[in-house]
Amino acid sequence: MVRTGRRPVGRAVLAACLVVGALVACTGTPPDVDRARRGAADAGDPYVPGRGNGGYDVAAYRLRVRYDPADDRLTGHATITATATAGLSRFNLDLSGLTVGAVRVDGAKAGHAREGEELVVTPARGLARGARFTVDVEYAGVPQPVESSTLGLGGFLATADGAVALGQPDSASTWYPVNDHPSDKATYDVEVTVPDGLAALGNGVPVGRTSAGGWTTWRWAERSPMASYLSTLVIGDYRVTTGTHQGKPMVTAVAASLPADGPAAASLARTGEVVDFLADRFGPYPFESYGGIALAEGRISYALETQSRPVYGPGFFRSGRPDTGVVAHELAHQWFGDSVSLARWSDIWLNEGFATYAEWLWLEHDGGRTVEQTVAARYAATDWSQPSVDPGRANMFGDAVYQRGALAVHALRRTLGDDVFFRVLRAWTTERRGGNATTADFVALAERVSGRRLGALLDAWLVGGTAPALP
Ligand SMILES: [Zn+2]
């Protein structure tokens, strides 16, 4: 993610977190419903209290949603395939607002209740640990945006011609029931039905479009595991360009109200070139499709690395000139953050430090400032009292995460030399592809691949209180 302009200030959205006690380990099957074991109501991540849930692991979301911009009403049917990781009598999904009609578990009617931004599901029969199950949720309503104290406006936002849904660290629960934490990645099949003439863009590979009775259904499939905050939905009047790149679908969309030959269109048009530059350094592109979406909606003051198809707010292109730095940043996240995802938000420098460094590499390659010039400027401006790792929720999008994080990446490169450094990065993106990882995992991998002890170096650059000497 990259923000434009000013730091947004808004009300903190801390979900009404109803802590119901730690998850009790399963003691055997069949589950003893009288023991009333509940899946935890959040993922235990203090950066996103209330978000995520315990007791199960989602494999796949199938979402069928219809949205009518005339009245902002969304109707949805989510089919979630998951595996119980504990014996469960009840479990939670995250869902903000909206009205739930019916819930079924494995086809049988299930009880459901709302507790703040939680949907509590009580299956007719308890679920045994290890059981694979499906949850069907029918829901409807007028979805609402969320204003995060850290990022700005996100969630589901009605626009002049449609809607956009995106946001970090959470946004998905504003338009579908979800285990809303990056530690539970899943595949997605999404069908979006909108009035004829509007585009409905999502993540992944386009898998067809049909029209009937004045409505058009757009279908998208993301078959690589995806963190929920990387899912997006963009509905409206867009110029959609569909092609192929390196044998895979490339779908870019630019808001029709933006000029066809303007800076946003020109920047997105370089997506394939930027991806190839990054793939030469980080290893093969990890997904089955490419693309990007340029919004005209001025309330979105950032760009976000939504999987395989980043979304760019209009602020990056207001100068009238293309901005491929932000394109490089969001595309670098496809490796760092999207394919190799965080296990917890306190390690967000693993996303932003590498994406920021990739931006510096691209700018140098594209004839802009050299990496050494950028490093010198950023090093001089760094507040070394602010740590990159565990920066605190309020600072998760701060300079210590982005700029100091990127300086740490550069220090690692200078210490190891280019050959070993890029070997470490390629090992990271290969070995951890599609999964989750922590800072400790990165340090361990870097030490193994390089054969060097790197803990002290990375400690100094990531969390030490004084400026380390540049290697
Ligand atoms: Zn970023």
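Below, each value reflects all heavy atoms present in this structure, side chains not excepted, and no hydrogens, waters or symmetry copies. Here the structure is a predicted model, which is why all the values come from computation and not from measurement.
A side-chain donor from one of S173 and R51 sits under 3.5 Å from a side-chain acceptor of the other. A donor-acceptor contact under 3.5 angstrom links the side chains of N53 and D94, judged on distance only. Between the side chains of D276 and H245, at least one donor N or O sits under 3.5 Å from an acceptor N or O. For the 3.5 Å distance criterion, the side chains of T217 and T193 qualify, holding a donor opposite an acceptor.
Within 6.0 Å of the CZ atom in R321, the count of heavy atoms belonging to other residues, nucleotides or ligands does not exceed 12. Counting non-hydrogen atoms of other residues, nucleotides and ligands closer than 6.0 Å to CZ of R239 gives a total above 12.
Residues meeting the ring pair (Phe, Tyr, Trp, His ring centres under 6.0 Å) test with H365, sequence neighbours left out: F277, W362. By the salt bridge (Lys or Arg N to Asp or Glu O under 4.0 Å) test, D45 is found to be paired with no residue, residues two or more places apart in sequence or in another chain being considered.
Within the 4.5 Å cutoff, no side-chain heavy atoms of Y357 are placed close to those of Y402. With contacts defined as side-chain heavy-atom distances shorter than 4.5 Å, the pair N351/H333 qualifies. Side-chain contact between R281 and L278 is absent, with no heavy atoms from C-beta onward closer than 4.5 Å. Proximity of L454 to L416: side-chain heavy atoms (C-beta onward) are separated by under 4.5 Å at one or more points. The side-chain heavy atoms of Y47 and M396, taken from C-beta on, include a pair separated by under 4.5 Å. No side-chain heavy atom of S183 sits under 4.5 Å from any side-chain heavy atom of R344. For the pair L295 and V164, the minimum side-chain heavy-atom distance is below 4.5 Å.
Note on residues 58-67: pairs passing salt bridge (charged side-chain N to carboxylate O under 4.0 Å, His left out), not counting sequence neighbours, are R62-E191.
Between W428 and F422, the distance from one ring center to the other does not fall under 6.0 angstrom. In this structure, Y302 has its ring center no closer than 6.0 Å to that of F397. Between Y67 and W175, the distance from one ring center to the other does not fall under 6.0 angstrom. The aromatic ring centroids of W335 and F287 lie 6.0 Å or more from each other.
Checked for salt-bridge contact, R270 and D366 meet the test: a charged N lies under 4.0 Å from a carboxylate O. The pair R414-E372 meets the salt-bridge criterion, since a charged nitrogen lies less than 4.0 angstrom from a carboxylate oxygen. The existence of a salt bridge linking E431 and R448 is confirmed by a sub-4.0 Å separation between a basic side-chain nitrogen and an acidic carboxylate oxygen.
Judged by distance alone, the side chain of Q168 and the main-chain N or O of E305 form no donor-acceptor pair under 3.5 Å. Formation of a donor-acceptor pair under 3.5 Å by the T438 side chain with backbone atoms of D441 is found in this model. At least one donor-acceptor pair closer than 3.5 Å links the side chain of N436 to the backbone N or O of L342. Side chain of S339 to main chain of R433: no donor-acceptor pair is present (N/O by atom type, distance under 3.5 Å, no hydrogens or angles). No donor-acceptor pair under 3.5 Å is formed between the side chain of E297 and the backbone N or O of G313. With E352 contributing its side chain and M1 its backbone, the two residues share a donor-acceptor pair below 3.5 Å. No donor-acceptor pair under 3.5 Å is formed between the side chain of R129 and the backbone N or O of A86. Using a distance-only test at 3.5 Å, with no hydrogens or angles considered, a donor-acceptor pair links the side chain of Q334 to the main chain of S308. Checked by atom type and distance alone, the side chain of T85 pairs as donor or acceptor with a backbone atom of Y56 at under 3.5 Å. A distance-only check finds a donor-acceptor pair linking the side chain of S341 to the backbone of D338 [under 3.5 Å].
Between S228 and A172 the shortest heavy-atom distance is O-CB, 3.7 Å. Across all their heavy atoms, D347 and V389 have their closest contact at OD1-CG1, 3.9 Å. Closest approach of Y312 to A303, counting heavy atoms only: CD2-CB, 3.8 Å. The two residues E118 and G50 make their nearest non-hydrogen contact at OE2-O, 2.8 Å. Across every non-hydrogen atom of D418 and R413, the tightest pair is OD1-NE, 2.8 Å. The two atoms that bring P177 and Y61 nearest to each other are O-CE2, 3.7 Å, heavy atoms only.
Atom CG of L74 sits about 5.5 Å away from atom CZ of F156, to the nearest 0.5 Å. A distance of 9.0 Å separates CZ in R132 from CG in D57, rounded to the nearest 0.5 Å. Expressed to the nearest 0.5 Å, how far CG of N203 lies from OG of S289 amounts to 8.0 Å. Between S224 atom OG and E288 atom CD the span is 6.0 Å, to the nearest 0.5 Å. The OG atom of S171 lies 7.5 Å from the CG atom of L304; values are rounded to the nearest 0.5 Å. Here E222 contributes atom CD and T306 contributes atom OG1; the two are 10.5 Å apart, rounded to the nearest 0.5 Å.
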Original post:
Should W461 and W349 be marked as a ring pair (Phe, Tyr, Trp, His ring centres under 6.0 Å) after you check the CA-CA gap, both sets of side-chain angles, and the distance that decides it?
Top reply: CA-CA 12 Å; W461 281 89; W349 84 274; over 10 Å; no

**OP:** Would you sort out whether Q403 and W360 count as a side-chain contact (heavy atoms from CB on, under 4.5 Å), showing the intermediate values?
**Re:** CA-CA 10 Å; Q403 311 301 337; W360 298 355; 3.4 Å; yes

**OP:** Verify ring pair (Phe, Tyr, Trp, His ring centres under 6.0 Å) between F442 and F336, making sure each step is shown before the conclusion.
**Re:** CA-CA 12 Å; F442 179 75; F336 298 98; 8.3 Å; no

Subject >> Working for side-chain contact (heavy atoms from CB on, under 4.5 Å), residues V135 and F91 >> reply: CA-CA 11 Å; V135 191; F91 60 89; 3.7 Å; yes

**OP:** With side-chain contact (heavy atoms from CB on, under 4.5 Å) as the test, would you mind laying out the steps for N395 and V401 before giving the verdict?
**Re:** CA-CA 8 Å; N395 299 316; V401 169; 5.9 Å; no

Original post:
Does the pair T210 and T216 meet the rule for a side-chain contact (heavy atoms from CB on, under 4.5 Å), with working shown?
Top reply: CA-CA 6 Å; T210 52; T216 301; over 6 Å; no

